[in-house]
J.: 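Quick one: structure below, then a few questions.
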There are 2 protein chains.
Amino acid sequence: MTKKNSSTDILIVEDEAPIARLMEIHLQRAGFSTKTCANGRKACTLLEENHYQLMLLDRMIPGLRGLDLLRWLRKQEALKILPVIMVTALAQTEERIRGLNEGADDYLPKPFEPDELVARVQALLRRSSHQVIQQQKSTIDVNKDAMEARVNGERLDLRPLEFKLLRRLMKKPGKVRSRQYLLDHVWGINAFVEERTVDVTIKRLRKTLEKYGLGECIVTVRGSGYRFDEKPHT
Amino acid sequence: MTKKNSSTDILIVEDEAPIARLMEIHLQRAGFSTKTCANGRKACTLLEENHYQLMLLDRMIPGLRGLDLLRWLRKQEALKILPVIMVTALAQTEERIRGLNEGADDYLPKPFEPDELVARVQALLRRSSHQVIQQQKSTIDVNKDAMEARVNGERLDLRPLEFKLLRRLMKKPGKVRSRQYLLDHVWGINAFVEERTVDVTIKRLRKTLEKYGLGECIVTVRGSGYRFDEKPHT
DNA sequence: AAAAACTTGTCACATAGTTGTCATATTTTC
DNA sequence: GAAAATATGACAACTATGTGACAAGTTTTT
């Protein structure tokens with residue numbers, strides 16, 4: 001019954017095995033699931049047959065040069081919006097700009113800091129329809145497209161309303177949102193619903209978050225509303 | 001359990017390590033918490049990954065020129081309101097105006113006086129939803145967004161009314177506010193409450209402030225009302 | 001199409017936190 | 001030292017929030 005969670009899938013296209021392994025380790029530790037492949041041709045196949053959230057693409061791969069793969073990718077209807085981070089040792093501005101021009105969404109110079117790798121992946125996902133927040137030791141990833149939220153890659157079972165509520169609160173962590181504000185933005189401006197309903201939905205959302213040790217994320221601000229705290233234990 | 005409070009986070013983007021260190025020391029001494037990074041690329045990542053209250057941005061950083069970073073920043077939905085102080089050796093009016101045009105909120109010429117640095121940071125935060133006051137050796141930071149007040153980064157446990165009262169008094173330090181004025185502005189014009197009630201709430205507010213050695217901040221002006229003193233003379 | 005499963009709004013009660021007032025103490029002013 | 005103003009502690013009323021239950025409405029299964 002315990003279904004394997006697919007989580008946020010990242011395709012790593014990198015021929016140097018140790019580097020690929022390093023990437024995998026750190027991304028997995030951050031809650032992503034990864035798939036590695038070592039050459040461009042295989043990558044195409046994988047991309048066509050599976051759905052990934054993001055690709056890390058080494059510029060220097062055998063079979064098809066990184067840029068060629070990228071160029072091909074951007075011509076595919078189904079893939080052209082896939083976020084791509086180009087990985088390359090060529091840190092020169094010129095090369096970088098070229099990569100970006102070709103359709104890479106971001107760029108990671110090699111050698112890289114593991115932290116930077118993870119941070120860039122998170123940032124890029126956020127720029128897509130994700131909201132990613134590092135919460136203490138957990139990564140919360142809210143994907144609007146898929147209408148799903150994940151904590152360290154594990155999917156949260158949220159009702160649609162709860163999902164929207166979480167999203168809204170995460171939009172500006174630290175900012176207190178009044179019940180009225182939440183009603184307007186989550187339920188919609190013309191929904192005629194009692195303010196107290198917000199409390200109940202918050203409660204339900206919290207209950208789920210609690211399972212992941214994130215019960216403290218949503219803070220009640222007495223007399224004002226609720227707030228998503230990025231760093232609890234205030 | 002007693003975790004270090006994150007307080008008001010400031011991102012310092014500065015490649016000259018000694019200068020960055022200097023900034024850090026003084027800002028931390030003033031009660032802010034800081035994060036330093038030395039290049040523009042890393043800064044983008046950090047900005048996307050975390051939430052800062054303010055950024056100090058050197059104009060001459062490697063990787064991405066300060067102005068480019070700023071321009072990028074202002075295009076990001078989530079970041080466009082981040083207060084930015086541009087730090088630059090180019091004190092010429094022309095350059096300064098250009099920086100401001102690009103979206104810097106303030107400007108700090110290099111070399112700078114540490115005091116000026118802190119003062120500008122506080123002033124700028126004050127212009128955002130923060131009210132920051134230097135009180136003897138403590139920094140009081142009242143954040144309206146988060147509905148919380150901090151002294152040297154440590155959170156004050158204030159009741160809503162006390163919070164509003166503190167805010168109101170801090171709005172114009174040194175100015176005496178009559179009980180009636182406070183009733184009108186804190187309790188609201190139509191609240192029918194005794195004037196003496198103000199005394200009690202002041203008392204309660206003072207009690208909390210005392211824990212941080214700030215009991216003298218709120219001065220009673222006999223016959224007139226109360227006043228928030230920026231530099232208590234006791 | 002009926003049944004089952006799920007979502008969500010509301011209510012009612014429990015709990016907890018806030019605040020106004022009063023009575024009394026203390027300080028200040030003259 | 002008396003009068004006036006303010007400080008302070010206690011308390012009770014009040015208000016806001018948490019929480020479980022339930023019903024009405026939806027969607028999914030069968």
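Within every chain, numbering begins at 1; the chains are lettered A, B, ... in the order of the sequence lines, protein sequences first and strands thereafter.
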J.: The criterion is ring-ring contact (aromatic ring centres under 6.0 Å, His included); which residues satisfy it with B/Tyr181, sequence neighbours excluded?
T.: B/His185
J.: Identify, between A/Asp199 and A/Lys207, the residue whose nearest nucleotide on DNA chain D lies closer to the 5' end.
T.: A/Asp199
J.: Each nucleotide in nucleotides 13-23 of chain C should get exactly one letter: B, S or -. Can you fill that in based on protein heavy atoms under 4.0 Å?
T.: ---BSSBBBS-
J.: Mind checking side chain to side chain contact (heavy atoms under 4.5 Å, CB included) for B/Lys171 and listing every partner two or more places apart, or none if nothing turns up?
T.: B/Gln131, B/Arg168
J.: Output all residues satisfying side chain to side chain contact (heavy atoms under 4.5 Å, CB included) with A/Val200, sequence neighbours left out; order by chain, then residue number.
T.: A/Arg204
J.: For A/Glu210, check side chain to side chain contact (heavy atoms under 4.5 Å, CB included) against everything at least two apart and list the hits.
T.: none
J.: Take the protein atom CZ of A/Arg179 and the nucleotide atom P of C/dG9, then report the distance between them rounded to whole Å.
T.: 15 Å
J.: Which pairs, with at least one residue in residues 174-196 of chain B and sequence neighbours excluded, count as a salt bridge (charged side-chain N to carboxylate O under 4.0 Å, His left out)?
T.: B/Arg179-B/Asp199, B/Arg196-B/Asp199
J.: Whole angstrom is fine here: how far is it from CG in A/Leu205 over to P in C/dG9?
T.: 14 Å
J.: Let me check the geometry of the helix from C/dA1-D/dT30 to C/dC30-D/dG1. What is the bend angle between the axes at its two ends, five pairs each, to 10°?
T.: 30°
J.: Could you tell me which residues satisfy side chain to side chain contact (heavy atoms under 4.5 Å, CB included) with A/Lys144, sequence neighbours excluded, listed by chain and number?
T.: A/Ser129, A/Arg167
J.: Provide the full list of salt bridge (charged side-chain N to carboxylate O under 4.0 Å, His left out) pairs with a residue in residues 21-36 of chain A, sequence neighbours left out, each pair given once.
T.: A/Arg21-A/Glu24
J.: Applying a 4.0 Å non-hydrogen cut-off, can you work out what B/Val198 is touching in the nucleic acid: base, sugar-phosphate, or nothing?
T.: nothing
J.: Provide, to the nearest angstrom, the distance between the NZ atom belonging to B/Lys203 and the P atom belonging to C/dT26.
T.: 14 Å
J.: Can you tell me if B/Glu14 and B/Thr36 form a side-chain donor-acceptor pair at under 3.5 Å?
T.: no
J.: Give me the first and last nucleotide of DNA chain D, going 5' to 3', that has any atom under 4.0 Å from a heavy atom of chain A.
T.: D/dA16 to D/dA21
J.: Taking NZ, NE, NH1 and NH2 as the nitrogens, is one of them in B/Arg227 or B/Asp229 under 4.0 Å from a carboxylate oxygen of the other?
T.: yes
J.: What is the nucleic acid contact for A/Tyr226, judged by heavy atoms within less than 4.0 Å: base, sugar-phosphate only, or nothing?
T.: sugar-phosphate
J.: Using the side chain to side chain donor-acceptor pair (under 3.5 Å) criterion, which residues pair with A/Arg206? Sequence neighbours excluded.
T.: A/Thr220
J.: Keeping to residues at least two apart or across chains, list the ring-ring contact (aromatic ring centres under 6.0 Å, His included) pairs with something in residues 186-225 of chain B.
T.: none
